[in-house]
Chemist: 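One structure, as structure tokens, below. Some questions next.
Remember, it's a predicted structure, so these values are computed and weren't measured experimentally. Naming convention: chains lettered A, B, ... in sequence-line order (proteins, then strands); numbering from 1 in each chain.
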Protein chains: 2
Amino acid sequence: MKKSKVTIHDISKALGINSSTVSRALNDSSSISTKTKQRILEKATELGYQRNSLASNLRTNKTNTIGVIVPRLSRNFFSSVISGIEETAYEAGYNVVICQSLESLQREKKIINSLLSNRVDGVLISISMETTSCEHLMAYKNHGGPIVFYDRPCDFEDCSSVSINDYEASFEATEYLILNGCKNIVHFSGPQVLALYRNRKKGYMDALKKHGLIFNEANCFESMLLKKDGIEHAKQVLKLKGVDGIYSANDTAAISAIQYLKNQGVNIPEDIAVIGFNDDPISTVIEPALTTINQPDFKMGKIASSLLIDQIKDHKTERDSVVLSSELVVRDSTKKATR
Amino acid sequence: MKKSKVTIHDISKALGINSSTVSRALNDSSSISTKTKQRILEKATELGYQRNSLASNLRTNKTNTIGVIVPRLSRNFFSSVISGIEETAYEAGYNVVICQSLESLQREKKIINSLLSNRVDGVLISISMETTSCEHLMAYKNHGGPIVFYDRPCDFEDCSSVSINDYEASFEATEYLILNGCKNIVHFSGPQVLALYRNRKKGYMDALKKHGLIFNEANCFESMLLKKDGIEHAKQVLKLKGVDGIYSANDTAAISAIQYLKNQGVNIPEDIAVIGFNDDPISTVIEPALTTINQPDFKMGKIASSLLIDQIKDHKTERDSVVLSSELVVRDSTKKATR
DNA sequence: CACATTAACGCAATCGATTGCACAACATGA
DNA sequence: TCATGTTGTGCAATCGATTGCGTTAATGTG
């Protein structure tokens with residue numbers, strides 16, 4: 001239990017040098033002679049000195065840390081975004097603290113509070129599925145740090161955001177199904193409180209319209225798009241009769257639906273073609289391999305991170321809304337036999 | 001850019017009450033009258049006060065935060081462990097900061113340093129595949145906080161750890177293959193610097209021995225067990241001829257191997273039976289569904305977390321090595337037609 | 001050689017919250 | 001009435017690092 005708390009004052013005493021000089025030396029200040037710097041550095045390692053960031057951050061009023069709030073770590077998409085965020089952040093000398101909201105507004109609030117009281121320099125957030133209002137975020141912004149939204153933006157004035165072209169991607173996916181002969185396409189959609197899922201639904205609807213197909217609210221199943229939801233939706237699909245296409249707003253639900261349907265003797269894609277969203281690694285494992293939409297997750301993380309850091313460093317006031325483009329990845333779950 | 005920095009002194013002035021009283025009131029100290037507490041609380045919310053944890057932590061010399069180092073967030077196993085850790089930690093009033101080493105020793109060292117200088121109260125770590133020595137961890141321990149290992153323990157005196165019965169699980173898996181008629185079983189093994197993978201290999205070897213099969217070093221392929229490694233190993237397997245069973249030390253490699261082998265016209269499990277390790281969700285999606293070993297990931301996180309917190313709180317000195325038991329989950333990748 | 005610069009370092013206040021100790025006001029018991 | 005408690009607050013030091021400003025000593029300039 002050696003509670004060895006070596007401070008700059010210990011070094012200071014050991015060397016008979018004022019602690020302010022020690023501090024400057026450790027920060028490689030140019031106003032300290034090379035010789036003294038070396039003596040100090042040596043003594044520091046000798047004593048096993050470890051800077052106390054708490055004290056430093058308190059004094060300077062900055063932590064060089066950005067907070068990242070993510071709905072779920074277990075989603076491949078988010079862990080990739082995080083990797084992107086970390087890469088950019090580390091290069092710029094920032095630390096990253098990761099928190100998961102588990103799609104709960106209450107937890108999101110607690111996390112924001114904790115980040116605030118720990119004085120992170122900025123926050124990257126993908127809001128939870130329960131988050132309808134952004135008051136708690138307002139509170140954060142008013143108290144200081146900048147916020148950048150990624151993936152799931154918030155209808156929020158005066159904040160940068162990075163997202164993908166959900167509407168267009170969705171439109172393209174639905175159209176692709178139609179061009180492959182589907183006439184009765186069902187949509188698995190996420191919570192409509194999120195703009196993200198509203199846009200995806202809109203894209204689906206407009207593609208139908210463009211091709212003269214009738215939109216029917218009964219063909220839309222809304223859920224959190226978990227594994228169990230996909231199964232549930234698949235059951236509904238079978239009851240509907242005549243469905244020949246499914247466009248799911250994520251891969252998880254698409255895949256569990258495929259599994260269920262296959263068990264029920266449905267042929268994919270002959271009877272029902274399926275498209276997912278995200279391009280999770282798992283989508284190449286399912287049989288038939290899932291046609292889906294690939295998002296530039298890593299890149300999204302990098303961009304979000306650099307937008308935030310720019311704001312922190314330069315106190316920039318202009319806000320950007322970056323929209324990245326995704327890509328339809330065609331696999332076997334939509335390949336109709338050519339007639 | 002309202003840099004509203006409301007401190008206890010602002011409240012103190014606004015109310016004509018000493019800041020020490022304010023501090024005590026905000027901490028709900030019993031030595032402050034209910035009336036004053038209320039006045040202070042009201043004023044605090046009115047001014048939008050947000051405690052500065054940096055100052056508080058500096059003074060009290062504790063952060064109520066535990067650091068978690070994880071090799072990769074993208075592995076389902078680890079994100080589940082994290083959820084377990086968080087649950088227990090939050091209940092006990094601790095914050096959690098998550099860092100990923102990406103299997104790099106260098107990053108691991110940097111992370112340790114950062115956690116140290118941020119004065120986390122304790123660390124939970126699953127060491128990287130490159131970590132052969134634990135000197136950097138020693139440094140941490142000497143400077144204060146307790147460490148608990150999870151999943152991948154380190155040959156390290158005086159630290160608690162939580163892991164699973166790798167040897168037994170491995171033995172059972174291999175034996176299961178043998179009992180299903182396999183006579184020429186290959187092992188995909190992880191970096192032997194990790195005790196974890198050494199144990200899994202040992203279990204494999206001993207099961208062979210028990211059943212009179214000859215162990216052959218050429219039947220062991222060592223790698224990081226990534227997707228590409230699985231494919232590479234599968235190619236080797238085909239060159240070997242006569243292989244009728246694969247026991248992979250993780251699911252990722254097992255699954256990519258299965259995909260490759262199927263493409264090459266190999267029948268699973270008729271020609272080659274396969275067992276993985278981890279029970280990733282993906283193992284129910286691959287066809288045939290993968291027989292694998294399920295680990296109590298969430299539970300592991302909870303236990304690791306509570307072991308650490310006990311050490312932090314009670315300054316316990318005894319160290320525990322908890323070994324959780326895993327379970328063989330039989331699916332289709334090993335079901336031989338009954339003769 | 002006198003004076004102006006510059007380089008190198010020390011002094012002391014500061015960041016915001018916590019806490020041991022002192023102290024005042026009031027109540028209680030003998 | 002006086003000694004002794006009890007409650008509720010205030011005072012001031014403290015955690016460890018940073019930094020504006022002042023002070024030397026060394027160096028340069030004319």
Chemist: Touch check for Ile17(A), heavy atoms < 4.0 angstrom, all strands: base, sugar-phosphate only, or nothing?
Modeler: sugar-phosphate

Chemist: Figure out the CG/P separation between Leu15(B) and dG10(D), and round it to whole Å.
Modeler: 10 Å

Chemist: Rounded at 0.5 Å granularity, tell me how far OG in Ser53(A) sits from CG in Leu58(A).
Modeler: 12.0 Å

Chemist: Taking atom C1' of dA17(C) as reference, at what distance in whole Å does atom NZ of Lys62(B) sit?
Modeler: 14 Å

Chemist: Could you encode protein contacts along nucleotides 18-25 of chain D as a string, one character per nucleotide from 5' to 3', using B for base contact, S for sugar-phosphate-only contact and - for no contact, with a heavy-atom cut-off of under 4.0 Å?
Modeler: BBB-----

Chemist: Can you confirm whether the thiol sulfurs of Cys154(A) and Cys159(A) sit closer than 2.5 Å?
Modeler: no

Chemist: For Met129(A) and Arg152(A): C-alpha separation, side-chain torsions, deciding distance, then whether side-chain contact (heavy atoms from CB on, under 4.5 Å) applies.
Modeler: CA-CA 9 Å; Met129(A) 288 187 180; Arg152(A) 303 179 182 171; 3.8 Å; yes

Chemist: Map Ser33(B) and Arg119(B) onto DNA chain D by nearest heavy atom, then report which one ends up closer to the 5' terminus.
Modeler: Ser33(B)

Chemist: Select base, sugar-phosphate, or nothing to describe what Thr36(A) touches, counting heavy atoms under 4.0 Å on all strands.
Modeler: sugar-phosphate

Chemist: Can you tell me how far P of dC15(C) sits from CG of Asn57(B), to the nearest Å?
Modeler: 19 Å

Chemist: Are any of the side-chain nitrogens in Arg39(B) or Glu42(B) under 4.0 Å away from the carboxylate oxygens of its partner?
Modeler: no

Chemist: Rounded to whole Å, please give me the gap between CG in Leu54(A) and C1' in dT14(C).
Modeler: 17 Å

Chemist: Could you give the CG-to-P distance, from Leu58(B) to dC15(C), as a whole number of Å?
Modeler: 14 Å

Chemist: What's the NZ-C1' distance between Lys5(B) and dC15(C), to the nearest Å?
Modeler: 11 Å

Chemist: Could you tell me the separation between the CD1 atom of Ile40(B) and the P atom of dT9(D), rounded to a whole number of Å?
Modeler: 8 Å

Chemist: Tell me, with the steps shown, if Lys299(A) and Lys302(A) meet side-chain contact (heavy atoms from CB on, under 4.5 Å).
Modeler: CA-CA 5 Å; Lys299(A) 186 175 171 190; Lys302(A) 294 204 67 162; 5.6 Å; no

Chemist: Holding to salt bridge (Lys or Arg N to Asp or Glu O under 4.0 Å), I want the full list of residues that pass it with Lys109(B), two or more places apart in sequence or in another chain.
Modeler: none

